[in-house]
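Below is one structure, written out as structure tokens; comments come after it.
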Amino acid sequence: MATHYLSPSILCIILTTLVSIAGAKIPAIIVFGDSSVDSGNNNFISTMARANFEPYGRDFPGGRATGRFCNGRLSSDFTSEAYGLKPTVPAYLDPSYNISDFATGVCFASAGTGYDNSTADVLGVIPLWKEVEYFKEYQSNLSAYLGHRRAAKIIRESLYIVSIGTNDFLENYYTLPDRRSQFSISQYQDFLVEIAEVFLKDIYRLGARKMSFTGISPMGCLPLERVTNLDDPFSCARSYNDLAVDFNGRLRRLVTKLNRELTGIKIYFANPYDIMWDIVTKPNLYGLEISSSACCGTGLFEMGFLCGQDNPLTCSDANKFVFWDAFHPTERTNQIVSDHFFKHLKNLFH
């Protein structure tokens with residue numbers, strides 16, 4: 001039987017490739033945003049925007065309410081697990097975690113926040129600029145824990161997940177008069193995109209290089225927006241969905257611009273509109289059954305404190321539903337969306 005030998009040069013190439021693959025592994029997931037990715041920071045600030053009580057978290061490991069606006073895990077948790085990291089991303093303000101936990105993943109997100117500082121003011125939550133300040137503090141702590149060189153490598157190689165924007169429209173612009181008196185809806189979108197650009201450049205200057213930047217979903221199909229759709233009750237609010245499409249187009253152009261302008265950066269625009277529209281309009285294709293109402297309570301308007309454990313109408317099996325409460329997806333939907341984007345992320349960010 002013939003014996004095959006590898007030449008030293010070929011062996012060197014193979015070893016170099018293997019080392020580069022190993023070295024390119026995502027060491028941590030770092031999360032900014034709103035309730036779509038808040039893993040519990042709001043538990044530790046003075047706000048009513050909380051979900052640290054039953055039935056929230058009933059399908060989370062251990063069956064406990066963590067502050068996630070969900071019956072279980074969030075899309076960012078599933079992305080962390082898909083990269084071989086922890087199955088959940090801990091909240092930065094949770095004192096039960098420390099810097100050794102945060103070295104492989106940390107969440108700065110705050111439910112109820114937006115790009116616009118005035119959106120955070122509505123429910124007294126953490127504004128986006130403060131999330132950046134926490135990130136700076138985290139970097140300092142990470143350097144003290146691991147040394148500057150290792151900490152800098154983690155900051156550089158981590159995947160940054162950003163998911164924010166819906167609250168600026170539904171909680172702020174269309175609910176309160178101030179911004180509507182200052183901006184047309186087109187001007188307000190431009191205002192938000194300018195803030196998004198400043199934010200992305202800020203975290204770039206702080207070392208972020210690999211980003212998954214999320215757009216907004218068809219927000220007119222949220223159960224709360226369906227039930228308040230006076231033009232066509234219980235149908236998706238078309239004007240809100242059209243706005244989401246328009247805003248996502250502006251965000252996509254921003255991503256294209258920054259990928260061109262900023263050296264060494266790679267931003268993936270994770271547009272959730274099409275996948276969520278598909279899930280909402282054809283839930284059976286995804287093993288789901290109900291998309292027009294949510295699991296909690298009547299499924300039409302309850303979220304936060306209205307989604308309490310004593311509500312006798314809450315469904316028994318959240319896995320049949322697209323939405324957990326009137327504003328937030330179920331764990332099953334979060335997993336479907338995370339799996340959809342991970343197919344792209346794993347090719348971009350190893």
Side-chain angles (χ1 to χ4, degrees), residues 34-38 42 48-60 63-75 77-78 111-112 122-123 163 166-167 169-171 174-175 216-241 243-244 272-273 275-338:
D34 57 21
S35 60
S36 58
V37 287
D38 179 2
N42 278 18
M48 287 197 51
R50 291 190 186 184
N52 57 339
F53 48 85
E54 296 178 358
Y56 287 98
R58 72 179 194 192
D59 298 309
F60 190 83
R64 64 193 176 89
T66 59
R68 289 167 172 82
F69 278 78
C70 188
N71 59 304
R73 291 191 286 162
L74 305 174
S75 58
D77 295 318
F78 286 111
V122 175
L123 292 171
S163 180
T166 303
N167 295 322
F169 299 108
L170 299 185
E171 184 185 301
Y174 285 113
T175 304
I216 57 178
S217 64
M219 55 190 180
C221 292
L222 297 172
L224 183 66
E225 305 315 320
R226 284 179 181 243
V227 79
T228 54
N229 181 7
L230 302 180
D231 295 330
D232 190 3
F234 300 103
S235 297
C236 295
R238 184 172 177 179
S239 61
Y240 285 163
N241 286 350
L243 171 60
Y273 191 96
I275 180 66
M276 278 301 296
W277 175 257
D278 217 36
I279 295 169
V280 165
T281 56
K282 293 171 279 193
N284 293 346
L285 289 181
Y286 298 90
L288 301 165
E289 296 176 18
I290 302 161
S291 62
S292 58
S293 61
C295 172
C296 181
T298 62
L300 301 176
F301 64 87
E302 293 93 345
M303 59 179 171
F305 284 106
L306 294 174
C307 181
Q309 64 175 329
D310 298 325
N311 195 318
L313 299 174
T314 296
C315 78
S316 58
D317 184 4
N319 286 332
K320 294 178 180 177
F321 286 76
V322 173
F323 295 100
W324 165 248
D325 66 16
F327 214 80
H328 302 99
T330 57
E331 177 182 67
R332 182 73 193 108
T333 303
N334 284 334
Q335 183 168 21
I336 293 166
V337 172
S338 175

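Since the model is a prediction, treat every value here as computed from it, not as a measurement.
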Note to self: Determine whether E171 and L123 satisfy the following criterion, side-chain contact (heavy atoms from CB on, under 4.5 Å), listing intermediate values before the conclusion.
What the structure shows: CA-CA 9 Å; E171 184 185 301; L123 292 171; 3.9 Å; yes
To the nearest 0.5 angstrom, please state how far the [atom1] atom of [X] sits from the [atom2] atom of [Y].
{"X": "F301", "Y": "L222", "atom1": "CZ", "atom2": "CG", "answer": "15.5 Å"}
{"X": "T333", "Y": "F321", "atom1": "OG1", "atom2": "CZ", "answer": "11.0 Å"}
{"X": "N319", "Y": "E289", "atom1": "CG", "atom2": "CD", "answer": "10.0 Å"}
{"X": "D59", "Y": "T330", "atom1": "CG", "atom2": "OG1", "answer": "9.5 Å"}
{"X": "S291", "Y": "Y286", "atom1": "OG", "atom2": "OH", "answer": "12.0 Å"}

Checklist line | R68 and D77 ion-paired at < 4.0 Å | finding: yes
Shortest non-hydrogen separation from [X] to [Y] and the atoms involved:
{"X": "D325", "Y": "E302", "value": "CB-O, 3.3 Å"}
{"X": "C307", "Y": "P55", "value": "O-CD, 3.2 Å"}
{"X": "E331", "Y": "C70", "value": "N-SG, 3.3 Å"}
{"X": "M219", "Y": "T166", "value": "SD-CG2, 4.0 Å"}
{"X": "N42", "Y": "A111", "value": "ND2-O, 2.9 Å"}
{"X": "P223", "Y": "A326", "value": "CD-O, 3.3 Å"}

Check: Does the pair C221 and W277 meet the rule for a side-chain contact (heavy atoms from CB on, under 4.5 Å), with working shown?
Finding: CA-CA 8 Å; C221 292; W277 175 257; 3.6 Å; yes
Note to self: Does atom CG (L230) have a neighbourhood of more than 12 heavy atoms from anything else shown, all under 6.0 Å?
What the structure shows: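 For L230, atom CG is not crowded (no more than 12 foreign heavy atoms under 6.0 Å).
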Next item on the list: Please name the residue in the list D278, N284, I279 that meets the side-chain contact (heavy atoms from CB on, under 4.5 Å) test with K282.
Entry: D278
Next item on the list: Report the residue from L313, T314, V227 that forms a side-chain contact (heavy atoms from CB on, under 4.5 Å) with T298.
Entry: L313
Notebook entry, point to check: Is there a donor-acceptor pair closer than 3.5 Å between any side-chain N or O of N241 and the backbone N or O of G220?
Noted result: yes
Margin query: Please evaluate residues V322 and M276 with respect to the criterion side-chain contact (heavy atoms from CB on, under 4.5 Å), reporting the C-alpha separation (whole Å), side-chain torsions for both, the decisive distance (0.1 Å), and the verdict.
Written below: CA-CA 9 Å; V322 173; M276 278 301 296; 4.3 Å; yes
Any side-chain heavy atom of [X] sitting closer than 4.5 Å to one from [Y]?
{"X": "F327", "Y": "L170", "result": "yes"}
{"X": "R73", "Y": "N334", "result": "no"}
{"X": "L288", "Y": "I336", "result": "yes"}
{"X": "R226", "Y": "C236", "result": "yes"}
{"X": "W324", "Y": "R58", "result": "yes"}

Margin query: Using the rule given for side-chain contact (heavy atoms from CB on, under 4.5 Å), can you reason through H328 versus S35, listing the C-alpha separation, both sets of side-chain angles and the distance that settles it, and then say yes or no?
Written below: CA-CA 8 Å; H328 302 99; S35 60; 2.7 Å; yes
Check: Is it true that the side chains of N229 and Y240 contain a donor and an acceptor less than 3.5 Å apart?
Finding: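 No, no side-chain donor-acceptor contact under 3.5 Å.
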Check: According to the interplanar angle, ranging from 0 to 90°, do the rings of F69 and Y56 count as parallel (below 30°), tilted (30 to 60°) or perpendicular (above 60°)?
Finding: perpendicular
Check: Can you name the one residue among S75, S217, S36 that meets side-chain hydrogen bond (donor to acceptor under 3.5 Å, both in side chains) with S163?
Finding: S36
Notebook entry, point to check: C315 and C295: sulfurs closer than 2.5 Å?
Noted result: yes
